[in-house]
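Read the numbers this way: they start at 1 and go in the same order the structure lists the ligands and their atoms. Because the structure is a prediction, the values reported are computed rather than measured.
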Amino acid sequence: MDILIATYNPGKVREYRELLIPLEATPVFPLELGLRIDVPEDAATYLENATQKASAHARASGLVTLADDSGLEVDALCGAPGLRSARYAPGQDADRTAALLAAMSDVPLEQRTARFRCTVVIDSPDGPRYHAEGVCEGLITLEPSGSGGFGYDPVFYLPEHGCTMAELAPEAKNRISHRARAVEAALPLLRRVLAVHGPA
Ligand code: ITT
């Protein structure tokens with residue numbers, strides 16, 4: 001059976017294809033179904049944004065649906081870009097990482113602590129709804145490094161790995177990332193929902 005992953009971000013698509021291999025269901029993505037639903041991501045929490053994305057896509061597709069809302073929280077910027085991570089600056093990922101580094105140009109290394117946060121919501125046309133969260137702690141670098149991953153990965157340094165998230169192999173990112181942790185917590189919930197919605 002299929003599970004819809006309600007994302008249009010190609011980086012997330014790549015990661016979910018790998019992260020959901022343990023699941024006895026096939027991940028499908030909105031564009032593969034000819035779906036394109038623009039959900040406003042204007043709520044006050046990751047949970048509300050992810051819920052809106054999951055619910056709209058579950059209603060439109062009739063499928064069990066997973067959505068995530070995620071972001072980078074930088075302590076020296078009082079938690080910014082946070083919920084606005086995807087819209088922190090116009091342009092591409094590289095423009096947003098450049099804007100972030102510029103905003104932090106006078107922040108010393110020891111104060112560059114940050115975390116990625118990912119909230120996953122699972123919904124289905126007739127509920128119930130579940131959620132799970134994953135967090136990954138790190139430091140913001142002084143300049144980008146690495147070409148893997150997406151988004152802010154080139155400026156997110158992992159002290160215990162001695163490299164940025166963008167310098168990790170994809171399998172390694174998928175073991176330790178905020179999204180990997182959220183999915184790990186969500187897998188039992190997903191299995192429960194899929195058991196209810198599976199073939200009779
Ligand atoms: P969808 O809503 O279609 O899933 P999106 O990119 O708009 O895609 P979000 O609203 O959750 O997704 O925004 C998350 C932003 O946070 C994303 O665009 C990146 O800039 C950043 N981000 C999230 N996860 C990341 C990761 O694993 N590595 C680097 N940056 C990440």
Do other residues, nucleotides or ligands put more than 12 heavy atoms under 6.0 Å from the CD atom of Glu160?
-> yes

Give yes if a backbone or side-chain nitrogen or oxygen of His178 is under 3.5 Å from a nitrogen or oxygen of ligand 1, and no if not.
-> yes

Quick one: does Arg179 get an N or O within less than 3.5 Å of an N or O on ligand 1?
-> yes

Would you check whether Asp69 reaches within less than 4.0 Å of ligand 1, judged by its heavy atoms?
-> yes

Number the atoms of ligand 1 from 1 as they appear, then name those within less than 4.0 Å of a heavy atom of Asn9, with their elements.
-> 3 (O), 6 (O), 8 (O), 18 (O)

Of all the heavy-atom pairs spanning Leu100 and Leu77, show the shortest one and how long it is.
-> CD1-CD1, 3.6 Å

Which of the atoms in ligand 1, numbered in the order shown and given with their element, are less than 4.0 Å from a heavy-atom of Tyr8?
-> 3 (O)

In Å and rounded to the nearest 0.5 Å, what is the CD1 to NE2 distance from Ile122 to His131?
-> 10.0 Å

Pairwise side-chain contact, Pro128 with Arg192, heavy-atom cut-off 4.5 Å (strictly under) = no

Under a 4.0 Å N-O cut-off, is there an ion pair linking Arg117 with Asp69?
-> no

Those atoms of ligand 1 less than 4.0 Å from some heavy atom in Lys53 | 1 (P), 2 (O), 4 (O), 9 (P), 10 (O), 11 (O)

Identity and distance of the protein heavy atom lying nearest atom 27 (O) of ligand 1 = Lys173 NZ, 2.8 Å

Which of the ligand 1 atoms, numbered from 1, are nearer than 4.0 Å to a heavy atom of Gly151 = 29 (C), 30 (N)

Verify the cluster assignment for Ile140 and Leu83: are they in a single hydrophobic cluster under the rule of side-chain heavy atoms below 4.5 Å apart?
-> no

For ligand 1, is there an N or O atom under 3.5 Å from any N or O atom of Arg96?
-> no

How does Lys12 reach ligand 1, if at all, at less than 4.0 Å between non-hydrogen atoms: by side chain, backbone, both, or neither?
-> side chain

Which atoms of ligand 1 have any heavy atom of Ser85 under 4.0 Å away?
-> 15 (C), 16 (O), 20 (O)

Keeping the roles fixed (side chain from Tyr152, backbone from Ser85), state whether a donor-acceptor pair exists under 3.5 Å.
-> yes

Any chance the side chains of His197 and Asp126 put a donor and an acceptor closer than 3.5 Å?
-> yes

Counting only heavy atoms not in Glu137, do more than 12 fall under 6.0 Å of its CD?
-> yes

Do the ring planes of Phe116 and His178 sit parallel (below 30°), tilted (30 to 60°) or perpendicular (above 60°)?
-> parallel

Can you tell me the protein heavy atom closest to atom 1 (P) of ligand 1 and the distance?
-> Thr7 OG1, 3.5 Å

Among all protein heavy atoms, pick the one closest to atom 14 (C) of ligand 1 and tell me residue, atom and distance.
-> Ser70 O, 3.2 Å

Counting only heavy atoms not in Glu110, do more than 12 fall under 6.0 Å of its CD?
-> yes

Looking only at non-hydrogen atoms, the one of Tyr88, Phe29, Phe150, Tyr152 nearest atom 25 (C) of ligand 1 is Phe150

Measure from atom 18 (O) of ligand 1 to every heavy atom in Ala67, Ala6, Pro30, Ala86 and give the option owning the shortest one.
-> Ala86

Of the choices Glu41, Arg87, Glu15, which has the non-hydrogen atom that lies closest to atom 10 (O) of ligand 1?
-> Glu41

Residue, atom and distance of the protein heavy atom nearest atom 28 (N) of ligand 1 read Asp153 OD1, 2.7 Å

